[in-house]
Amino acid sequence: MSLETLAPLLLILPLAGFLVTALIGRRLGKQAHWIPVLGVFVVWLIAMGLVVNVLTGAAPLIEGSEETHGYAIALFQWIPAGEFVVDVGIYIDALTACLLIVVTTIGLLVHVYSIGYMSHDPGYWRFFAYLNLFMFSMLLLVLSDSWLVVFVAWELVGLSSYLLIGFWYRKRSAALAAKKAFIVNRVGDVGFALGIMAIFINTGAAGEATLDIRQSIEILLHEGNANPIPLFVVALLVFAGAMGKSAQFPLHVWLPDAMEGPTPVSALIHAATMVNAGVYLVARANPLFASAPDAMVIVAAVGIFTAILAASIAMTQTDIKRVLAYSTLSQLGYMFAALGVGAFTAAIFHLMTHGFFKGLLFLGSGSVIHAVHEEQDMRFMGGLSKKIKITYVTMLIGSVAIAGIPPLAGFFSKDEILGEAFKLHFEWVWAIGFVVAGLTAFYMFRLMGLTFWGEFRGPKAVWDKVHESPWVMTVPLILLAIPSVLLGMALGLPLGDSTIHHWLEPVFAEGVELLGHEEAAYTLFGIDGMLILTSVGIAAIGIAIAWALFGTDLAGLHLPARPERVRELSARIPFLYRASLNKWWFDELNHVLFIVIGGRLAAAMWWFDRNVVDGTVNAIGRTTMEAGVGLRQVQTGRVQNYALGIAIGLIVMAGSYLLLAGN
């Protein structure tokens with residue numbers, strides 16, 4: 001049986017796992033994980049086989065393409081409406097393959113990790129059912145070749161996110177966070193839906209109405225200025241959907257609150273896979289965005305602003321998961337900045353490396369929370385490196401990777417984004433990204449210092465019970481640490497045909513051609529070498545400051561934490577400190593705009609509707625009824641009365657006629 005024949009199982013198995021576990025999972029009890037985990041494991045095996053075939057060129061050429069190896073598999077016809085047809089199919093090229101590596105690998109490891117993390121939860125079976133629903137939704141999103149099917153998957157991912165964030169629905173904060181995520185995402189989804197409608201209108205105006213992604217983009221580009229809706233508008237509407245799902249400013253407020261869900265949810269959905277959907281969407285539509293360069297500038301501006309905004313907030317947060325959540329926002333901002341400057345490959349490169357080391361950091365934070373009995377405030381941690389060494393070492397690897405220290409993965413992908421921005425004359429993107437690199441290194445090693453170094457600051461009873469997580473949780477940490485170290489070198493160094501640049505060149509060739517520039521991998525000399533030195537230097541400064549303020553037990557150094565120095569520095573910049581601690585008051589601003597002002601406006605509109613609109617309609621009705629009550633008095637049912645009325649009417653008419661004739 002060929003891999004192409006097995007490809008539909010990528011969707012069938014997780015969907016079946018969800019349905020079966022939802023139906024009989026309660027009866028299976030603590031064995032409910034077997035069906036979902038085994039299903040995802042088989043999905044991973046099939047996906048890796050397809051990925052190897054696509055990236056090595058062993059897969060056939062896709063029909064209609066001279067360079068793109070992969071698979072285009074029609075599953076069934078969904079909407080037949082005359083000449084307009086929507087098919088459900090699977091499309092796998094190099095870009096899809098890169099996403100499959102991240103989604104299926106991290107998805108599998110999160111499933112395994114959850115066996116230990118959720119073992120004592122009464123909703124154990126329900127959690128694994130939801131995880132499989134998410135895997136189905138995310139795989140459908142990246143495999144679909146139709147805008148409409150992508151939108152269906154887009155909404156299913158949102159539903160899965162709602163269910164998993166609000167998994168502990170009896171907890172008010174979790175229920176509110178799930179609702180907030182769902183509503184904020186709908187704002188972006190409205191824009192995405194309008195973008196799909198705009199694509200349909202433009203292709204219909206060309207006489208070839210279609211929602212096939214590749215065909216529609218070709219039609220839009222060939223029509224040029226003849227499109228009824230400008231490509232600039234279409235691109236921005238598509239980007240609106242990406243902003244919601246990938247939590248970009250101003251739709252970023254839902255992601256930190258999503259940490260109310262179980263930690264495996266944070267790792268799978270809100271760090272490694274779902275939030276990457278927006279990056280994937282813009283990358284998939286790269287020729288569309290390349291045809292609207294003004295829209296790309298907006299993408300870059302939103303991305304780099306989100307990067308520095310989120311980094312500035314992460315510096316003062318005390319909840320370990322919220323620090324990582326704002327870090328995710330910041331790194332996603334890097335990716336959108338790369339897409340905006342036209343460094344498409346660099347964006348996907350960073351998506352892949354970030355998925356692994358951020359998944360590692362989130363699962364590591366879950367191991368920490370498990371060790372200290374559900375405490376998430378880092379102010380009540382410290383000294384944990386002495387008791388949970390595997391968690392400590394793996395999280396240290398993840399922190400070094402995200403800080404951009406060579407030769408770990410984050411160094412190659414993040415520096416390629418900064419280098420491409422500089423070489424493509426987006427110096428403002430490079431400058432802000434350079435500052436963000438320093439802030440990232442600082443807040444990550446602040447997290448390490450508060451969590452693992454120094455002395456334990458929580459209750460002694462908790463310290464006495466601190467222990468390493470079971471193997472089912474630590475093994476995924478170790479496995480995620482490996483690509484966090486090696487993936488950047490494997491994909492970023494110029495090693496012939498194995499580089500990510502070689503893989504993705506056919507995918508982004510048209511977009512790069514429209515922009516009139518070429519992406520190039522790093523060389524270690526000239527301007528690239530200078531950029532590398534400055535980027536690593538700012539990261540090293542950030543780490544050194546964090547070491548000096550929060551202490552370290554690393555490499556035999558025993559520097560004490562200096563909380564008094566931290567308080568002194570914070571007191572020097574009280575406004576900035578309060579702004580960062582309060583997340584720049586965006587939640588409060590949204591409350592004022594949409595709850596207070598919006599609520600009053602809605603109340604005023606309701607008053608107008610009730611008293612003016614309904615009042616007018618009801619008054620007309622009452623007048624009509626009252627007139628009817630008066631007039632019905634003449635309806636006696638007697639023929640003599642009616643004849644008398646007719647006679648009187650005739651006399652009046654005759655008299656009026658004679659009077660007028662006499663005049």
Note to self: Please determine whether the number of non-hydrogen atoms from other residues, nucleotides or ligands lying under 6.0 Å from atom CD of E513 exceeds 12.
What the structure shows: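 Open.
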Is a side-chain donor-acceptor pair under 3.5 Å present for [Y] with [X]?
X: E208; Y: T203; value: no
X: D87; Y: W78; value: no
X: T21; Y: W125; value: no
X: N53; Y: H69; value: no
X: W584; Y: S312; value: yes
X: R322; Y: Y326; value: no

Please report whether the ring centroid of [Y] lies less than 6.0 Å from that of [X].
X: F127; Y: F167; result: yes
X: F134; Y: F18; result: no
X: F349; Y: H501; result: no

Q) Using 4.0 Å as the upper bound for N to carboxylate O, is an ion pair formed by E155 and R186? A)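 Looking at E155 together with R186, the answer is yes, because their closest N to O distance falls below 4.0 Å.
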Quiz item: Thinking salt bridges, do D257 and K179 make one under a 4.0 Å N-O criterion?
Solution: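 No.
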Side chain of W254, backbone of G244: donor and acceptor closer than 3.5 Å?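 Checked: pair present.
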Check: Is a donor on one side and an acceptor on the other found under 3.5 Å between the side chain of S246 and the backbone of V275?
Finding: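 Yes.
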Q) How far apart are the C-alpha atoms of L13 and M135, what are their side-chain angles, what is the distance that settles it, and do they pass the side-chain contact (heavy atoms from CB on, under 4.5 Å) test? A) CA-CA 10 Å; L13 287 176; M135 289 296 293; over 6 Å; no
(request) Tell me, please, whether Y280 has R284 positioned over its six-membered ring: NZ or CZ under 6.0 Å from the ring centre and within 45 degrees of its axis? (result)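 Not flagged: R284 not positioned over aromatic ring of Y280.
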Which distance, rounded to the nearest 0.5 Å, do you find between the [atom1] of [X] and the [atom2] of [Y]?
X: T306; Y: F249; atom1: OG1; atom2: CZ; result: 7.5 Å
X: Q248; Y: L332; atom1: CD; atom2: CG; result: 6.0 Å
X: L131; Y: L163; atom1: CG; atom2: CG; result: 11.0 Å
X: T616; Y: N611; atom1: OG1; atom2: CG; result: 10.0 Å
X: S144; Y: D212; atom1: OG; atom2: CG; result: 11.0 Å
X: L515; Y: N286; atom1: CG; atom2: CG; result: 8.5 Å

field: pair N202-I219: side-chain heavy atoms closer than 4.5 Å
entry: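 Contact flag for N202/I219 side chains = no.
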Classify the ring geometry between F357 and H354 as parallel (under 30°), tilted (30 to 60°) or perpendicular (over 60°).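 Aromatic pair F357/H354 classed perpendicular.
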Walk me through whether Y334 and Q331 qualify under side-chain contact (heavy atoms from CB on, under 4.5 Å).
CA-CA 5 Å; Y334 265 132; Q331 299 302 309; 3.5 Å; yes
Practice prompt. Just do the side-chain contact (heavy atoms from CB on, under 4.5 Å) check on M48 and T105 with the steps written out, would you?
Written response: CA-CA 9 Å; M48 290 305 102; T105 304; 4.1 Å; yes
